[in-house]
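Source: prediction; values computed, not measured.
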Amino acid sequence: QDGFTRAIVTAFAPVLGERPGVVRADAGRGTSDQEAYDLYLKARFHWLARGQDNVSRSITYFRQAIARDPGFARAHAGLAFAYGVLPSYIANASDSTLRLMTASAERAVELDSTLVDGQVALGMVLDQQHRFPEAESRYRAAIAREPFNVFAHHLLGFLLMITGRTDEAVAILQRAEQLDPLAKSVGTASAGALTFSRQFPEAMATARRILALDSTFPLALLALGQAQVFGGQPDSAVRTLERLARWHSGAPGHRSLLVLAYAAAGRWAEAERIRREFGPGASASSVEAAFAELVFGNREALVRLLITETGRRRWYVTHMGFGCNPLIDPLWEDPRFRAAMRSLAIEPCPLARPWPLPARVP
């Protein structure tokens with residue numbers, strides 16, 4: 001809508017005597033403060049661009065917009081969105097951001113209960129609390145009111161993916177891609193859903209399409225690396241994930257996935273090197289270190305984490321959740337893990353297979 005508005009204002013500027021290219025604030029946009037609205041647009045721009053620096057910058061702009069107009073509900077909802085995606089780019093951010101996201105989402109709805117973004121933000125809170133049926137209801141209601149809401153489609157598709165409804169997730173996320181082919185996070189989620197459905201060539205193609213837009217986008221590199229590991233291209237996975245390590249050394253999940261890629265390529269010594277970098281005892285609290293142990297045949301540490309709420313939340317933001325995620329295929333044999341998943345209404349994945357790891361050679 002803002003794009004159309006800019007085009008119309010620019011076209012009529014000579015007649016109206018207005019400065020071209022300016023989007024005016026008004027009550028219909030949620031604020032009459034022009035500076036607050038400009039700050040909101042800057043925040044949205046950086047939030048849509050994603051990545052650690054962009055999302056952090058968007059938080060700054062959303063806060064500044066709210067400082068200018070505390071009653072600006074759309075800015076509060078945008079701030080909730082920014083807090084919600086931040087843990088995907090900054091390691092161990094989830095424990096601190098959930099509270100901030102919740103407060104922003106609740107404030108947005110308190111200010112304007114009709115705002116769709118506010119309802120989506122509340123759905124995102126429920127989602128990250130693993131109250132999946134309630135979150136799904138919010139997302140579907142938002143889509144019913146705004147059929148072209150890309151982020152609502154994205155979140156719904158991701159929820160379906162991580163709760164095991166993989167085919168439906170693929171369809172919803174591909175619809176989101178159609179709505180906005182340039183949305184990097186949407187395309188990455190779509191690649192993830194294709195990996196969960198074991199459509200590895202299609203997953204790789206989708207991830208590469210996003211990397212053609214931004215060759216350094218960390219989530220797309222993670223998605224490509226994972227698809228390559230399970231799609232029979234471990235050497236390519238190693239190259240992809242080593243590139244990610246060079247460009248985004250703090251990207252959540254990349255070190256543990258690199259352990260798996262090295263192992264799948266038969267490079268066990270390098271897998272062992274990263275495993276040791278996590279440090280002694282790290283697997284008791286770190287899902288990445290516990291996953292590295294799983295690669296080496298010890299599932300106990302990861303199971304113990306994933307039967308706790310905190311451990312599941314950390315895994316959710318680090319390794320794309322549960323459902324038919326091939327990263328958790330070896331865990332379905334454990335009754336404690338199955339019980340933990342059943343508490344979330346997630347059933348064992350019928351597509352689960354043994355990992356494609358060669359034998360270790362001393």
Side-chain angles (χ1 to χ4, degrees), residues 1-8 23 26-31 37 40-41 43-45 47-50 58 62 72-82 84-85 88 101 104-106 108-128 131-194 196-197 202 206 209-210 213 219 321 323:
Q1 291 176 356
D2 290 337
F4 283 122
T5 301
R6 290 189 186 92
I8 293 168
V23 179
D26 58 50
R29 296 182 184 279
T31 183
Y37 192 65
Y40 170 79
L41 291 180
R44 286 280 301 182
F45 172 82
W47 177 75
L48 288 167
R50 295 298 204 274
S58 79
F62 280 129
F72 191 2
R74 289 174 68 181
H76 286 281
L79 184 58
F81 290 165
V85 303
S88 296
M101 177 177 63
S104 297
E106 290 176 347
V109 173
E110 179 183 335
L111 289 166
D112 184 355
S113 62
T114 69
L115 182 68
V116 170
D117 276 0
Q119 297 298 327
V120 173
L122 277 183
M124 202 175 186
V125 170
L126 294 166
D127 197 336
Q128 295 199 16
R131 296 160 64 182
F132 297 127
E134 297 168 78
E136 180 180 347
S137 178
R138 295 269 183 179
Y139 297 153
R140 291 194 184 278
I143 291 171
R145 289 181 57 191
E146 288 187 0
F148 302 107
N149 190 309
V150 177
F151 196 46
H153 279 84
H154 177 184
L155 292 173
L156 175 60
F158 198 87
L159 182 150
L160 295 169
M161 177 180 75
I162 62 106
T163 55
R165 295 149 68 181
T166 311
D167 291 342
E168 191 177 358
V170 169
I172 292 289
L173 288 166
Q174 288 180 341
R175 172 59 178 155
E177 284 188 282
Q178 292 170 355
L179 292 172
D180 188 352
L182 301 182
K184 296 179 293 186
S185 57
V186 170
T188 298
S190 184
L194 289 164
F196 280 33
S197 67
E202 293 83 356
T206 300
R209 183 182 69 77
I210 300 305
L213 299 173
L219 299 188

Considering all heavy atoms, the nearest [X]-[Y] contact:
{"X": "S104", "Y": "L79", "answer": "OG-CD2, 3.5 Å"}
{"X": "A191", "Y": "T206", "answer": "N-CG2, 3.8 Å"}
{"X": "G78", "Y": "F62", "answer": "O-CE1, 3.3 Å"}
{"X": "W47", "Y": "S58", "answer": "N-CB, 3.6 Å"}
{"X": "A105", "Y": "V125", "answer": "CB-CG2, 4.0 Å"}

Report yes if the side chains of T166 and M161 come closer than 4.5 Å at any heavy-atom pair, otherwise no.
no

With sequence neighbours excluded, what pairs up with E110 under the salt bridge (charged side-chain N to carboxylate O under 4.0 Å, His left out) test?
R107

Can you give me every donor-acceptor pair (side chain of residues 167-179, partner residue at least two apart or in another chain, under 3.5 Å) with its distance?
| unit_1 | atom_1 | unit_2 | atom_2 | d |
| --- | --- | --- | --- | --- |
| E168 | OE2 | R140 | NH2 | 2.8 |
| E177 | OE1 | S190 | OG | 2.8 |
| E177 | OE2 | R209 | NH2 | 2.6 |

Separation of H76 NE2 from F81 CZ (nearest 0.5 Å)
13.5 Å

Reported CD-to-CG distance for the pair Q128 and L159, which is rounded to 0.5 angstrom
11.0 Å

Yes or no on side chain to side chain contact (heavy atoms under 4.5 Å, CB included) for L155 and M124, after CA distance, side-chain angles and deciding distance?
CA-CA 7 Å; L155 292 173; M124 202 175 186; 4.2 Å; yes

Show which side-chain atoms of residues 142-154 pair as donor or acceptor with protein atoms under 3.5 Å away, not counting sequence neighbours.
| unit_1 | atom_1 | unit_2 | atom_2 | d |
| --- | --- | --- | --- | --- |
| R145 | NH1 | T114 | O | 3.2 |
| R145 | NH2 | T114 | O | 2.5 |
| E146 | OE1 | N149 | ND2 | 3.0 |
| N149 | OD1 | F151 | N | 3.3 |
| N149 | OD1 | A152 | N | 2.9 |
| H153 | ND1 | N149 | O | 2.9 |

So F72 and L111, side chain to side chain contact (heavy atoms under 4.5 Å, CB included) or not? Walk me through it.
CA-CA 8 Å; F72 191 2; L111 289 166; over 6 Å; no

Go through the structure and list residues passing side-chain hydrogen bond (donor to acceptor under 3.5 Å, both in side chains) with S185, not counting sequence neighbours.
R50

Given the rule in the side chain to side chain contact (heavy atoms under 4.5 Å, CB included) test, do Y40 and T31 qualify, once you have shown the distances and angles that lead to the verdict?
CA-CA 10 Å; Y40 170 79; T31 183; over 6 Å; no

Determine yes or no for a side-chain-to-main-chain donor-acceptor pair under 3.5 angstrom, with S197 supplying the side chain and L194 the backbone.
yes

Donor-acceptor pair, side chain of K184 and main chain of L213, under 3.5 angstrom
no

Got a list of side-chain donor-acceptor pairs under 3.5 Å for residues 116-123, not counting sequence neighbours?
| unit_1 | atom_1 | unit_2 | atom_2 | d |
| --- | --- | --- | --- | --- |
| Q119 | OE1 | R138 | NH1 | 2.3 |
| Q119 | NE2 | S113 | O | 3.3 |

Is it true that R131 and E136 have a side-chain N and a carboxylate O under 4.0 angstrom from each other?
no

Who passes side chain to side chain contact (heavy atoms under 4.5 Å, CB included) against T188, sequence neighbours left out?
I210, F217, L219, A220, A223

